Structures are given as C-alpha cells and as structure tokens.
Amino acid sequence: MNLRAELEQRVSAALQASGVDAPAQVAPAARPEFGDYQANGIMGAAKRAGMKPRALAEAVVSAAQLDDLASKVEIAGPGFINIHLRPDYLASMLSSEQPLVEPTSTPDRVVIDYSSVNLAKEMHVGHLRSTIIGDALALLLEALGHEVIRQNHVGDWGTQFGMLLAFLEEKGEDSEQLADLEKFYVAAKKRFDQDADFADRARSKVVLLQGGDPDSKRLWQRFIAVSIAHCNEIYQRLGVTLRDEHIMPESAYNADLSVVIEELRQQGLLSEDQGAQCVFLDAFKGRDDKPLPVIVQKSDGGYLYATTDLAALRYRVQKLGANRILVVVGAEQSLHFQQVFAVGRAAGYADDETRLEHITFGNMLGPDGKKFSTRAGGVMKLSDLLDEAEQRATGLVAEKNPDMDAAECREVARVVGLGALKYADLSKNRTSNYVFDWDQMLSFEGNTAPYLQYAYTRIRSLLRRGGIDPDKLQGQPVLTEPAEVALALRLARLQEVLEQAAADAMPSHLCTYLYELASAYMSFYEQCPVLSADAKVRDSRLLLCRRTMQTLKQGLDVLGIETIERM
RNA sequence: GCGCCCGUAGCUCAACCGGAUAGAGCAUCGGCCUUCUAAGCCGAGGGUUGAAGGUUCGAGUCCUUCCGGGCGUGCCA
C-alpha cells in the first residue's frame with residue numbers, strides 16, 4: 001500500500017469536509033518529534049480561503065478519519081498536522097499476507113529509449129549512464145505493473161559507416177581487426193584523414209549503401225553484426241536486460257523519413273529556408289530573437305537526426321501504442337528533444353495525453369572534475385571499466401576474506417564490483433554531472449552498493465545460523481522497541497517510494513530509500529538480538545528480518561544489482 | 001550575444017508541486033567485539049545554501065540582477 005497516498009487522500013477529504021478544496025500535501029515528517037508524516041497543505045489552503053490556519057487545522061483534525069492508522073494527530077507550529085502512526089498498523093502492513101509491491105491499477109505502455117549506442121564504435125564510458133539508468137527505469141516500471149517496451153535506438157547509418165566500409169573492404173571482411181572495434185575505428189579514421197583517395201571512396205560508399213547497393217549492404221550488415229555482438233557482451237556483463245529484439249536501428253526508419261516530411265508538409269508546418277526544409281515554431285527563438293528552425297531535410301535532400309527522431313516518435317505512438325515515452329539521452333541534447341517533442345505534438349504524432357520525457361543526465365567526471373578519461377587522456381572503453389571494477393573489488397574481497405576460496409571470491413567480487421559501479425551512478429541525482437571515484441563507490445561505507453549488499457548478507461547469514469527457512473515464517477511482527485518501529489516504518493514505505501521514483505523517473509529516490517532501510521536494519525541488528533530472544537519476540541523479529549531481506553532484494557533487483565549469500 | 005542546466009560542510013552527495021532547527025557519508029575526534037559477519041553500531045565538532053535584492057505567514061527551492069562553471073545555439077549525431 002502507498003502509505004503517503006492513503007494519508008494524502010484522507011487528509012484531503014477532511015479538508016474538503018472542512019469546506020476547503022486543497023491538497024493536504026502529506027510528506028514524511030521532517031523530524032522524529034513531528035511524528036511519521038506531516039500535512040503541509042493547511043497553511044496555504046487557509047490563506048486562499050481567508051481562514052485562520054490553526055482554526056482550519058483543528059477542523060481538519062476533527063474531520064479526519066485516521067483512528068485505524070494513527071495513534072496521535074496533532075497540530076503544530078503555524079498549522080502543520082503531525083501524524084504519528086500506530087505501531088500495530090505498521091505491523092499489519094508487514095504481515096506475511098501483504099505483498100511487497102502492488103501493481104498499478106492504471107498501467108501505462110511505456111517506451112524507453114536507452115543505451116542507443118553508435119555501432120560505428122565500441123561502447124565507452126559515455127554509454128554507461130544511459131544504459132544503466134534506462135535499464136533501471138525499465139525494471140522499475142515493470143515492477144509496478146506497467147508495460148515496458150525497450151527500444152535500443154542504435155546508430156547504424158550515416159557518413160561514418162562509409163569510412164568503415166571502405167576500410168573493411170580494404171582489410172578484407174573477415175579482418176581480425178574487427179575484434180577491437182575501437183582500434184578499427186581509429187585506424188579507419190586515420191586513413192580517412194590522411195588519404196584523399198580513401199576519403200573519396202568512403203564518401204561514395206555511403207552513397208552506394210544508401211542507394212541499396214547489394215555488396216555495400218552485405219558488408220555493412222557484416223559490420224553491424226560484429227558491433228552488436230560487442231554490445232551484447234557488455235550488456236550481459238552489466239546484467240542489462242537489452243536483447244536483440246529491442247534493437248530498433250536508425251536505418252529501420254529510412255522508409256518513413258520521406259513520409260514524415262510529407263505529413264509535415266500536409267499539416268502546413270514546413271517552410272523552405274535557404275534550401276532546407278524547416279519547421280518554425282514560436283517557442284524556439286535563436287539569435288536576435290529570430291525564429292529558430294528545426295531542420296528536417298537538408299538542402300541536398302538528406303535527412304537529419306531530427307527527422308529520424310520524429311519518425312521514431314511517430315512509430316512509438318502509432319505502432320507501439322505508447323502513452324509514455326522516455327528517452328534516456330544526455331543533457332546536451334536537451335534543445336533537440338524539446339524541438340522534436342514540440343514538432344511531434346504539432347504534427348499530431350503525440351496528443352496531450354501522451355507523455356514525452358527526455359530523461360536527461362549529466363556527465364561522468366574524473367577525480368579532477370574534468371570529463372572522465374583514461375590516464376592517457378582518451379575515451380575509456382566500457383569493457384576496460386568493467387574489468388577494473390571487478391579487479392579492484394577482487395582485491396578488497398580477498399583482503400576481507402582471506403579464507404574464502406578463489407571461485408567464491410571471484411563471484412563475490414564480480415557482484416560487488418559491478419553493483420558498486422552501477423549504484424554509484426544510479427544513486428546520484430541523474431540530472432547533474434557526477435564525480436567518478438573508485439575509492440568512494442567501493443569503500444563499503446556510506447550510501448554504496450556494498451553496504452546494501454552487506455546488509456542483505458547479514459540477514460542471510462542470520463537465517464542460516466538459526467536454521468530458519470524464511471518461506472515458512474507466518475504472521476505479523478509485534479513492534480515494541482524503537483529500532484523495530486523505525487525499521488518497520490521504512491519497510492512500509494517501499495510502495496510509495498517505488499511509485500515516486502517511477503513518476504519522476506528518478507532511480508536515485510529508490511537508492512536513498514534503500515540506504516535508509518539498510519541503515520535502519522543495521523541499528524535494529526545492533527540493538528535487538530534475534531536468535532537469542534524469547535520465542536514470541538524472536539518470531540516477530542524474524543519476520544522483520546525476512547521483510548527487510550525481501551525489500552532489499554526487490555529494490556536491488558529493480559536497480560539491476562545482484563545480491564550474494566555471503567561477503 | 002541568446003537559451004538551458006548547475007553552484008549546499010574540507011570532499012562526495014541529499015533535501016518529494018515553497019514548510020518547522022538545511023540532512024547523510026567520507027575525512028577529523030571520542031566510545032562499542034566472551035552475544036546473530038566490526039565491510040558494522042553509537043556519539044562529537046563542522047553551514048551567511050556563490051553574492052545582492054524581491055515575492056510571503058514561511059525561500060536551498062519562486063522572481064530580478066550579478067559572479068563562477070558546464071552544455072547548447074538553421075543544414076553532424
């Protein structure tokens with residue numbers, strides 16, 4: 001159950017009963033002495049209604065039906081309403097009968113466009129955030145019962161492929177150099193820059209390819225296949241759920257591009273400017289307040305990525321039936337997507353009910369605060385980054401567990417290393433840049449994946465030690481100790497946090513919650529002995545342990561982070 | 001030039017349509033292992049939220065100006 005939504009609904013109803021139609025604005029209490037939740041909406045509502053805030057608060061408190069879940073409802077300060085929940089109510093929410101997560105009653109069909117790598121090159125650190133954040137959002141929305149359609153909008157078309165094909169032709173299409181796409185690209189680029197004949201061949205190759213020349217197309221498909229195989233390797237290592245069937249390449253829209261142009265023309269949105277086909281919208285002004293065009297067709301007749309993205313938008317709404325579209329792409333392209341969405345709406349590709357969201361994120365920065373790069377200053381390959389995560393984690397795990405056998409040590413290090421890497425990214429507010437710091441993310445202290453994974457293993461260990469089968473535990477806990485109540489409150493909030501994170505497309509909300517939960521469990525663990533307690537207390541605490549275990553697992557699952565039995 | 005994002009403790013980050021005394025972790029200092037994993041727990045110090053105005057019962061949050069940083073800005077993606 002979404003506890004906050006329930007309280008919001010009830011207090012808002014009380015406001016209405018008091019003659020004011022306003023949201024209760026229920027939020028978690030700012031301080032423990034304010035209870036568990038507080039309603040902040042009274043002051044504003046009283047102001048608008050010309051009433052005294054305290055008087056309205058009193059009316060609301062007496063009208064509110066909260067007896068079943070609140071032990072105390074009090075007015076504080078200028079007109080806050082503080083709600084103290086009943087421990088037995090919290091306990092009932094954690095009964096073995098209660099599901100961890102309830103599916104939404106109003107499922108969306110959500111298209112999530114993420115990862116979207118350029119197949120001309122090997123995946124590098126720049127692809128990490130889109131891939132990880134997008135996948136977490138997909139898992140999150142699915143966990144809440146929404147229908148998710150993953151779309152990997154890979155770049156497989158465009159001028160650079162001419163260069164690569166010309167180079168591939170030269171090297172022989174089975175060239176073992178394809179094993180390292182990054183080197184292959186760099187070598188081709190070097191050739192392109194240094195040899196004018198080669199550059200001409202590359203350019204004509206693009207024309208041939210786009211004209212449908214069979215040889216060029218075969219070569220192109222060969223290259224694409226190798227590149228996709230590289231991506232799949234990375235996805236598999238990352239534990240990302242993208243598969244071949246989610247790939248919807250730019251080239252798939254080729255046939256739609258002229259249709260989009262024609263439809264824009266029919267809608268009267270198109271105007272020619274300096275030979276290019278443009279859409280001018282009032283919302284976009286450029287220099288000197290002049291209208292800023294969205295160019296959808298170049299003067300030479302070629303199409304641009306705005307055209308492809310419009311075709312993609314059209315496809316996602318018309319063919320895939322999406323009512324919410326999340327495009328997980330870096331913040332630099334903010335203007336581009338504002339334009340695509342605005343033109344798309346103007347063209348009728350998306351109506352007002354269809355949510356179009358550019359899920360922006362900032363850059364990964366190195367410890368120096370500058371753009372993340374290798375020691376040599378180049379772009380770091382994603383595979384190298386993953387290697388380093390595992391390698392660093394292996395050192396730490398071996399150090400902490402000298403007795404662990406090599407195979408388990410390796411597995412623990414893999415789970416911890418990758419978890420740390422993903423969590424470091426997901427736990428930050430995605431909209432700003434963040435400083436990438438190995439020591440911080442692997443420090444095993446603070447808001448990190450290892451801390452959460454450790455909390456989980458502690459529970460597993462406790463259950464093992466007690467010979468407890470968690471599946472057999474029944475009933476609901478009895479909350480008496482403060483640490484038990486604090487833990488229970490956290491546990492009871494899973495649903496509201498998931499829903500909030502999904503609505504905002506912010507995995508970091510879930511991370512913050514999981515950290516607070518793990519922290520509450522650690523305190524509970526220190527203060528409340530479980531296995532040695534009397535039978536009734538022990539059973540109650542075991543239920544809390546199990547619920548915590550399940551909640552941590554569920555939360556980490558949604559983030560795409562694995563758990564282990566011991567570490 | 002114009003537009004968007006950002007500026008919070010020494011460092012890395014929080015702060016849910018504007019809500020009460022701005023919170024965590026790291027680092028620093030001090031406690032806690034004969035008891036379920038000390039990769040842990042408990043406590044202390046640390047702030048003019050870049051600056052100055054404004055709006056209001058109330059501003060880190062909204063508005064204006066300025067400073068500093070990042071990213072964009074008609075035919076790359």
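Reminder, nothing fancy here: chain letters follow the sequence lines and each chain counts from 1. These numbers were taken from a predicted model, which means no experiment stands behind them. Computation of the quantities below employed the complete heavy-atom set of this structure, encompassing side-chain atoms and omitting hydrogens, waters and symmetry-equivalent molecules.
Between A:H84 and A:F34, the distance separating the two ring centers is not shorter than 6.0 angstrom. Checked against the 6.0 Å centroid threshold, A:H336 and A:F341 do not count as a close aromatic pair. For A:Y454 and A:Y451, the ring centers are positioned 6.0 Å apart or more.
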Item to check | A:Q495 vs A:E499, side-chain hydrogen bond (donor to acceptor under 3.5 Å, both in side chains): CA-CA, chis, key distance, verdict | outcome: CA-CA 6 Å; A:Q495 184 79 25; A:E499 288 180 12; 2.7 Å; yes
Checklist entry - When you look at A:D193 and A:K189, which way does the salt bridge (charged side-chain N to carboxylate O under 4.0 Å, His left out) test go after all the steps? => result CA-CA 6 Å; A:D193 290 338; A:K189 183 77 165 68; 3.1 Å; yes
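Going from the P atom of B:A39 to that of B:A9 covers 31 Å, rounded to whole Å. Distance noted for atom P between B:C17 and B:C63: 15 Å (whole Å). B:C41 and B:U35 have their C1' atoms separated by 14 Å, given to the nearest Å. Nucleotides B:G50 and B:C42, compared at atom C1', are 36 Å apart to the nearest Å. For the P atoms, the distance linking B:C11 with B:G54 amounts to 30 Å, nearest Å. Going from the P atom of B:C13 to that of B:C6 covers 14 Å, rounded to whole Å. With both ends at atom C1', the span from B:G10 to B:C66 equals 27 Å, rounded to whole Å. If you take atom C1' in B:G53 and the same atom in B:G70, they sit 26 Å apart, rounded to whole Å.
In this structure A:R430 satisfies the salt bridge (charged side-chain N to carboxylate O under 4.0 Å, His left out) test with no other residue, sequence neighbours excluded.
Put simply, CG on A:L452 is 14 Å from C1' on B:A24, counting in whole angstrom units. Look at CZ on A:F337: it is 12 Å from P on B:A77, rounded to the nearest Å. Nucleotide B:G23 holds its C1' atom 16 Å from the CG atom of A:N429, rounded to whole Å. The nearest whole Å value for the distance from the CZ atom in A:R31 to the C1' atom in B:A15 is 14 Å. Rounded to whole Å, the distance from CG on A:N433 to P on B:U8 is 13 Å. A straight line from CG of A:L310 to C1' of B:A77 spans 15 Å, rounded to a whole angstrom. As a whole-Å value, the separation of A:R54 CZ from B:G19 P is 20 Å. Between the CG atom of A:L335 and the P atom of B:A77 there is a distance of 15 Å, given to the nearest Å.
Residue A:P53 is classed as having no contact, given no heavy-atom separation below 4.0 Å to the nucleic acid. In this structure, A:A276 reaches the bases: a heavy-atom distance under 4.0 Å links it to at least one base atom across the strands shown. Residue A:A455 is classed as having no contact, given no heavy-atom separation below 4.0 Å to the nucleic acid. Residue contacts shown for A:Q38 include a base, since a base heavy atom lies under 4.0 Å away. Contacts of A:Y303 with the nucleic acid, taken as non-hydrogen atoms under 4.0 Å apart, involve only primed sugar atoms and P, OP1 or OP2. Here A:G44 lies in heavy-atom contact (under 4.0 Å) with a base. Residue contacts for A:E332: at a heavy-atom cut-off of 4.0 Å it reaches the sugar-phosphate backbone alone, with no base atom in range. Within 4.0 Å of A:Q25, counting heavy atoms only, lies at least one base atom of the nucleic acid. Using a 4.0 Å heavy-atom cutoff across all strands shown, A:N40 reaches at least one base atom of the nucleic acid. Among the heavy atoms of the strands lying under 4.0 Å from A:Q274 is at least one base atom, whether or not backbone atoms are also near.
What you find for A:C231 and A:L119 is that their closest heavy atoms are SG-CD2, 4.1 Å.
Which of B:A77, B:U12, B:A20 sits closest to the side chain of A:V435 comes down to B:U12. Taking the side chain of A:N82 as heavy atoms from C-beta on, and the options B:G25, B:C75, B:A20, the nearest nucleotide is B:A20. Side-chain proximity of A:Y305 to B:G19, B:A14, B:A77: nearest is B:A77. For A:F34, counting side-chain heavy atoms from C-beta on, the closest listed nucleotide (B:A20, B:A15, B:G19) is B:A20.
Relative to the ring axis of A:Y525, A:R458 places its NZ or CZ within 45° and under 6.0 Å from the centre.
For the side-chain hydrogen bond (donor to acceptor under 3.5 Å, both in side chains) test with A:E562, the passing option among A:R414, A:K553, A:K422 is A:R414; the others fail.
Counted by atom type alone, A:Q527 and A:E481 present zero donor-acceptor pairs between their side chains at under 3.5 Å.
More than 90° away from 0 lies the glycosidic angle of B:C13, which makes this nucleotide anti.
Between the side chain of A:S251 and the backbone N or O of A:W157, no donor-acceptor pair lies under 3.5 Å. Not one N or O on the side chain of A:R4 forms a donor-acceptor pair closer than 3.5 Å with the backbone of A:P28.
For B:C76, one of the phosphate oxygens OP1 or OP2 lies less than 4.0 angstrom from a side-chain nitrogen or oxygen of A:K298.
Two residues, A:E8 and A:H336, neighbour RNA chain B, and the one matched to the more 5' nucleotide by heavy-atom proximity is A:E8.
At a cut-off of 3.5 angstrom, the base of B:A24 holds no donor-acceptor pair with the side chain of A:E516.
Helical stems in RNA chain B, defined as runs of 3 or more consecutive Watson-Crick or G-U wobble pairs with both donor-acceptor distances under 3.5 Å, are listed by first residue as B:1-7 with B:67-73, B:10-13 with B:23-26, B:28-32 with B:40-44, B:50-54 with B:62-66.
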Checklist entry - Which letter, B, S or -, goes with each nucleotide of nucleotides 36-42 of chain B from 5' to 3', with contact meaning a protein heavy atom under 4.0 Å? => result BBSBBSS
